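Predicted model only: the values in this text are computed from it and were never measured. We count ligands from 1, going down the list as the structure has it; atoms in each ligand are counted the same way.
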Amino acid sequence: MIEIRYAGICHSDIHTVRGEWGPVPYPLTVGHEIVGRVTEVGSGVTRHAVGDRVGVGCMVNSCRKCANCLAGQEQYCAEGNVGTYGSVDRDGTVTQGGYSTHVVVDEDFVLRVPENIPYEAAAPLLCAGITTYSPLAHWNAGPGKKVAVVGMGGLGHMAVKIAVAMGAEVTVLSQTLSKKDDGLAFGAKDYYATSDPATFETLANRFDLIVNTVSAPIDINAYFRLLALDGTLISVGAPPEPLPVQVFALFGNRRSFAGSMIGGIAETQEMLDFCAEHGIAPEIELIDADAVNAAYERVLKSDVRYRFVIDVDSLR
Ligand code: NAP
Ligand code: ZN
Ligand code: ZN
């Protein structure tokens, strides 16, 4: 049993509760960026103890037997992972997420949250952190690599911080320059407005990796043209609408278009330890639970700096 202390607000929560990704098994409590303390453990539990500071991300179980699970890629479980909310659990009930006071999770899907990560800022690492860390690690962001991050919201600002910590040269592609000072403070070298057509000429053929975190459809072909030889554009943003691809935009420079979904449990622990070691934490606005609807409206207007986190004590 975990007594939840803080819960982040991910744009996926908003897509879900608004039914943008399909039917919703109401009543549903969302929230998959969870941190708190262990208050009780079952008799067979060995990985966590009462009092430990722990986190829960986007999934709470998987089959544990398929090749992907055995490879530590539980998010790609062949039988589908059990999502933290809105999934049918092994006992047939619908899982419920983190905008709540307590949660019970199998120990194998519970992460250790290092004590030197500020408590109130740790929750967004459990989704925004791992969702950006995983593709950056997989596609080898690091010294000598030019990485662009499209959209500087919850995921995007973590993509910037993590890619910078990995040693890459990072450019932010945001709708406007209104957050430029923040982007540069997070370690980005360059910051361009995508509302300015000149941006797409200036940056043509430049990047090894582009991480698209935008929650809405964008002209993806315009971004492909910013990739250098063998460059890859990874979409982690999950708009409900399709992104039509012009294959000709992929032909030049032998470009690739990829997707990526959260990260495995071991990799999530690796990301938490990486952030602790590099002194990286999300930028948050702490809110009480009664401010969630107003926070959703601000997220939808790209007016989030850079993650809303619910102080779960306001629910007690
Ligand atoms: P967010 O905080 O709302 O950030 C999205 C950012 O995209 C905004 O801050 C804005 O950045 C930009 N943006 C929004 N609307 C736009 C538009 N119409 N045109 C161009 N840019 C726009 O959302 P988030 O929580 O980071 O989540 C981002 C997306 O990732 C969501 O779709 C979410 O569901 C998805 N997601 C996927 C995974 C996965 O496993 N793949 C995991 C978590 C979340 P600027 O103001 O800088 O332009
Ligand atoms: Zn999320
Ligand atoms: Zn599996």
Side-chain angles (χ1 to χ4, degrees), residues 7-18 20-21 30-34 56-59 61-85 97-98 123-135 149-160 172-180 182-183 188 191-195 211-220 222-223 234-241 243 258-265 268 282-285 295-308:
I9 294 180
C10 178
H11 205 121
S12 301
D13 302 345
I14 304 177
H15 290 305
T16 299
V17 300
R18 300 195 165 202
E20 292 172 6
W21 287 344
V30 294
H32 57 206
E33 295 183 336
I34 300 169
V56 178
C58 301
M59 56 183 172
N61 218 333
S62 69
C63 86
R64 303 163 187 237
K65 294 186 299 251
C66 73
N68 293 356
C69 282
L70 293 175
Q73 305 283 345
E74 302 89 351
Q75 74 276 34
Y76 303 122
C77 175
E79 294 182 16
N81 68 65
V82 178
T84 300
Y85 58 77
L125 295 174
L126 277 304
C127 176
I130 184 59
T131 300
T132 50
Y133 180 92
S134 183
V149 175
V150 190
M152 202 171 75
L155 267 57
H157 93 290
M158 285 314 301
V160 173
V172 179
L173 302 176
S174 181
Q175 293 168 95
T176 69
L177 296 178
S178 63
K179 296 178 281 192
K180 181 173 179 181
D182 289 345
Y191 197 108
Y192 287 86
T194 54
S195 53
V211 181
N212 169 29
T213 74
V214 176
S215 48
I218 55 172
D219 176 9
I220 201 74
Y223 293 84
I234 303 121
S235 267
V236 292
E241 302 85 357
L243 296 177
S260 184
M261 186 169 69
I262 52 174
I265 293 296
T268 305
E283 306 292 319
I284 64 143
E285 284 189 54
Y296 275 22
E297 291 305 322
R298 282 189 50 200
V299 172
L300 289 167
K301 290 190 198 119
S302 303
D303 177 24
V304 51
R305 300 198 181 198
Y306 283 85
R307 200 58 142 184
F308 288 105

If you measure every N/O of Y306 against every N/O of ligand 1, is any gap under 3.5 Å? no

Examine C127 and say whether one of its N/O/S atoms is closer to the Zn ion (ligand 2) than 2.8 Å. yes

Atom indices of ligand 1 within 4.0 angstrom of S215 heavy atoms, with elements: 5 (C), 14 (C), 31 (C), 32 (O)

Among T213, L155, V149, which one has a heavy atom closest to atom 28 (C) of ligand 1? T213

Element-labelled atoms of ligand 1 that are located less than 4.0 Å from some non-hydrogen atom of I262: 39 (C), 40 (O)

Proximity to ligand 1 by part of Y296, non-hydrogen separation under 4.0 Å: neither

Show the numbers, then the answer: is there a side-chain hydrogen bond (donor to acceptor under 3.5 Å, both in side chains) between D13 and Y296? CA-CA 9 Å; D13 302 345; Y296 275 22; 4.5 Å; no

In terms of its nearest heavy atom to atom 15 (N) of ligand 1, the top option of G156, G154, S302 is S302

Looking at side-chain heavy atoms only, is the closest gap between L125 and P282 below 4.5 Å? yes

For atom 47 (O) of ligand 1, the closest protein heavy atom turns out to be S174 OG, 2.6 Å

Evaluation steps, side-chain contact (heavy atoms from CB on, under 4.5 Å), between L126 and T268: CA-CA 7 Å; L126 277 304; T268 305; 4.2 Å; yes

Which of the ligand 1 atoms, numbered from 1, are nearer than 4.0 Å to a heavy atom of A216: 17 (C), 18 (N)

Provide the number and element of each atom of ligand 1 under 4.0 Å from a heavy atom of V304. 2 (O)

side-chain contact (heavy atoms from CB on, under 4.5 Å) between V149 and H157, worked out: CA-CA 8 Å; V149 175; H157 93 290; over 6 Å; no

Closest heavy-atom approach to atom 19 (N) of ligand 1 among R307, R298, K180, Q175 is made by Q175

Once rounded to 10°, what is the value of the angle centred on the Zn ion (ligand 3) between C66 SG and C69 SG? 100°

Of the choices G183, A193, G153, which has the non-hydrogen atom that lies closest to atom 9 (O) of ligand 1? G153

Under 4.0 Å from one or more heavy atoms of C127, ligand 1 contributes atoms 42 (C), 43 (C)

Under 4.0 Å from a heavy atom of W21: which atoms of ligand 1 are those, numbered in the order shown and with their elements? 34 (O)

Which of the atoms of ligand 1 are close to H11, meaning less than 4.0 Å from one of its heavy atoms? 1 (P), 3 (O), 23 (O), 24 (P), 25 (O), 27 (O), 31 (C)

Confirm or rule out an N/O/S atom of C10, from backbone or side chain, lying less than 2.8 Å from the Zn ion (ligand 2). yes

